[in-house]
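Have a look at the structure below before the remarks.
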Amino acid sequence: MIAVFKHELKSYFHSLTAYVFGAFLLAFVGVGSMLYNLQAAVSNFEFVLSFGCLIFVLIIPILTMRVISEERKQKTDQLLYSLPISTTDVVVGKYLALLVIYLIPLCIISIYPLIFKRFGDVYLLTSYGSILAFFILGAALISIGVFISSLTENQGLAAGISVALILLNYYSVSLSEYVSSTAMGTVIALCVLILALGAVIRYLTKNENLAYGVCIVLILAVAAVTYFDVKKFEGLLPNIMKTLSLFERFYAFVNGVFDMTAIVYYLTVIAFFLFLSVQSLEKRRYN
Amino acid sequence: MISVEHLTKCYGDFMAVQDLSFEIDEGHVYGFLGPNGAGKTTTMNIMTGCLSATEGHVRIDGYDIFEEPYKAKKLIGYLPEHPPLYMNETPLEYLRFVGEAKGLRGAELKRQIEDVMERTRITNVRNRRISELSKGYKQRVGIAQALLGNPKVIILDEPTVGLDPIQILEIRDLIKELGRTHTVIFSSHILSEVQAICDRIIMIARGKLVAFGDRDDLEKMLMRPNEIIITSDASAESIKEILGGVSHITDLQFEEKGPGYVTAHVSTDHENIYDISRAIFTAFAEKGQALLEMTLKKANLEDVFIELTERSVNDANAPESQNAEPAESEVDGQ
């Protein structure tokens with residue numbers, strides 16, 4: 001794992017990716033703090049971060065697009081499979097390298113509140129609480145990016161899907177207001193989602209029976225709930241979209257609440273997507 | 001050392017490898033031979049843990065590659081068909097990564113890297129980017145990677161494909177050299193290459209084992225009857241008559257070669273081909289016929305290879321008609 005970690009870190013600094021990522025993040029947060037803290041003279045650094053997290057839509061895919069897809073393209077994944085290291089080592093090693101690359105600009109950013117403190121009243125606890133949450137939010141998004149990169153050998157495709165997913169997640173709360181909250185609308189949306197899930201399962205496992213099985217069981221469950229208590233579905237879809245939003249939970253920190261459930265949620269997302277990445281790599285061995 | 005037991009691999013409906021079993025002993029150079037698409041790469045990928053098997057086991061020094069991959073993989077160095085190189089690194093950086101992943105650290109890592117670079121003769125390009133290296137050098141970096149950690153077995157998948165003739169010779173020499181210190185398995189679809197380097201041969205076709213054993217034994221055991229080609233101005237009928245008195249002739253085929261000349265291909269199963277050529281010569285002399293030309297054609301592995309692979313294809317396609325064909329040609333010869 002250490003070998004993969006060191007190698008990955010080095011290769012990121014060999015290419016421009018790490019620098020581009022850091023530069024974008026610093027520039028965006030810098031512009032944010034200029035607008036909020038300097039021009040508008042707001043003493044809350046956390047508002048800058050809540051503005052800054054929009055840049056994740058662009059820079060996380062840049063960072064993660066090549067992490068696994070490039071191995072496939074250059075056929076170096078064969079080397080990784082034949083070395084005496086486990087797939088988990090590979091994925092975790094790569095992920096940790098990405099976190100370090102992400103941490104470097106973040107370390108610079110965490111000096112800002114201290115600088116502002118010299119010129120006025122800055123509430124450091126919420127500032128650093130938000131920076132921590134900002135870090136974990138980014139870490140969760142990176143884990144999603146890693147997973148998407150493991151699905152394809154085309155970097156561009158990986159980046160595109162990541163941008164779309166993160167953007168969708170970013171706007172999911174605003175979108176949820178436009179989503180039908182009636183029970184019938186939810187049932188239809190759930191069925192569509194279940195079919196999409198079935199398609200993903202089929203693509204990942206190449207096992208049609210499993211995909212059909214999962215679809216049928218879930219659709220039957222939805223049908224059963226619809227039959228017995230259709231009211232349960234009212235407003236469910238917007239709720240789901242709100243609950244799944246990674247960004248929405250971050251705003252709690254910005255508002256000065258250190259939300260432990262959000263931290264746990266982020267960690268769960270990280271573990272889940274890293275697990276999926278390992279499975280996606282393992283699957284290549286079983287195709 | 002390595003035991004492959006009833007290995008089967010299916011891609012959907014397609015059986016890439018079918019019930020393959022063989023044992024690899026220590027201290028030999030094994031040639032893994034088969035036409036394109038025979039399942040060589042699939043088998044090697046399974047042996048090195050890059051691919052799962054549908055059925056069967058691979059054990060390396062007693063460690064199952066699927067159940068104890070860590071211990072098993074430490075005993076193997078593998079160079080896949082496309083050398084898995086990070087193009088924007090230098091050989092030194094690349095080897096350092098592979099060495100660390102194989103668990104080498106500090107002075108030992110440095111020593112081994114120097115050692116494998118020396119052996120594969122890439123020390124002079126150690127600080128150039130791999131993407132700038134020639135194909136032959138890339139292949140060497142790939143082999144150097146496989147040698148790190150001093151594994152007992154080196155598995156090379158078509159290491160000479162796509163190289164120019166001089167590079168091919170260099171890589172072959174390198175493999176021969178490795179054969180002195182390691183067990184080497186390397187795959188190829190070029191027979192002469194395997195004949196030149198290996199002392200044991202595993203031959204597969206259509207995912208099935210068709211022959212396995214010592215190169216010399218295999219040549220002896222599976223050799224097609226040796227062939228003598230004679231040209232004479234006698235008619236085909238009279239040649240048939242003259243050769244009627246010569247024993248050990250298994251097949252006789254004629255070919256018109258211009259007006260008045262006939263070329264006959266005489267096949268024999270006699271061990272010493274000179275005995276037969278002497279007998280033919282005497283037979284012609286007794287009848288007062290002239291032998292205008294006589295060429296001895298010794299069977300080689302190429303023929304064995306073609307025959308075996310064709311046989312296995314026939315087996316797969318039409319198992320019944322296969323027996324009929326040789327019988328017909330025998331009648332022809334009588």
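Quick note on labels: first sequence line is chain A, next is B, and so on, each numbered from 1. Hydrogens, waters and symmetry mates are skipped; everything else that's a heavy atom, side chains included, is used.
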With no hydrogens and no angle check, just 3.5 Å: does a side-chain donor-acceptor pair link [X] and [Y]?
X: B:Q18; Y: B:T8; value: no
X: B:N88; Y: A:H14; value: no
X: B:T181; Y: B:R119; value: yes
X: B:E100; Y: A:H7; value: no

*Could you list which of residues 123-146 of chain B have a heavy atom closer than 4.5 Å to any heavy atom of chain A, in residue-number order?*
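Expected list: B:Q145.
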*Part of A:K6 within contact of chain B (heavy atom distance under 4.5 Å)*: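 Side chain of A:K6 only, per the 4.5 Å heavy-atom cut-off to chain B.
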*Check each atom of A:E70 against the heavy atoms of chain B and say whether the ones under 4.5 Å are side chain, backbone, both or neither.*
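For A:E70, there is no contact with chain B at all, as no heavy atom is under 4.5 Å.
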Please list, one pair per line, the donor and acceptor atoms closer than 3.5 Å that link side chains of residues 74-82 of chain B to other protein atoms, with sequence neighbours excluded.
{"from": "B:Y78", "atom 1": "OH", "to": "B:N45", "atom 2": "OD1", "distance (Å)": "2.7"}
{"from": "B:E81", "atom 1": "OE1", "to": "B:T41", "atom 2": "OG1", "distance (Å)": "3.3"}

_Top of B:G49, B:A53, B:P83 for chain A proximity - count of heavy-atom pairs under 4.5 angstrom_ =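 Heavy-atom pair counts peak at B:G49.
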*Under a 4.5 Å heavy-atom cut-off, does chain A meet the side chain of B:L85, its backbone, both or neither?*
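Looking at B:L85, just its backbone touches chain A.
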*Any cation-pi pair here, B:R200 with B:F22, using under 6.0 Å and within 45°?*
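The answer is no, since B:R200 fails at least one limit relative to B:F22.
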All N/O donor-acceptor pairs, side-chain side in residues 274-281 of chain A, below 3.5 Å, sequence neighbours left out:
{"from": "A:S277", "atom 1": "OG", "to": "A:F273", "atom 2": "O", "distance (Å)": "2.7"}
{"from": "A:S280", "atom 1": "OG", "to": "A:S150", "atom 2": "O", "distance (Å)": "3.1"}
{"from": "A:S280", "atom 1": "OG", "to": "A:S150", "atom 2": "OG", "distance (Å)": "2.9"}

*asked:* According to ring pair (Phe, Tyr, Trp, His ring centres under 6.0 Å), who are the partners of B:Y70, at least two apart in sequence or on a separate chain?
replied: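 B:Y70: no ring pair (Phe, Tyr, Trp, His ring centres under 6.0 Å) contacts found.
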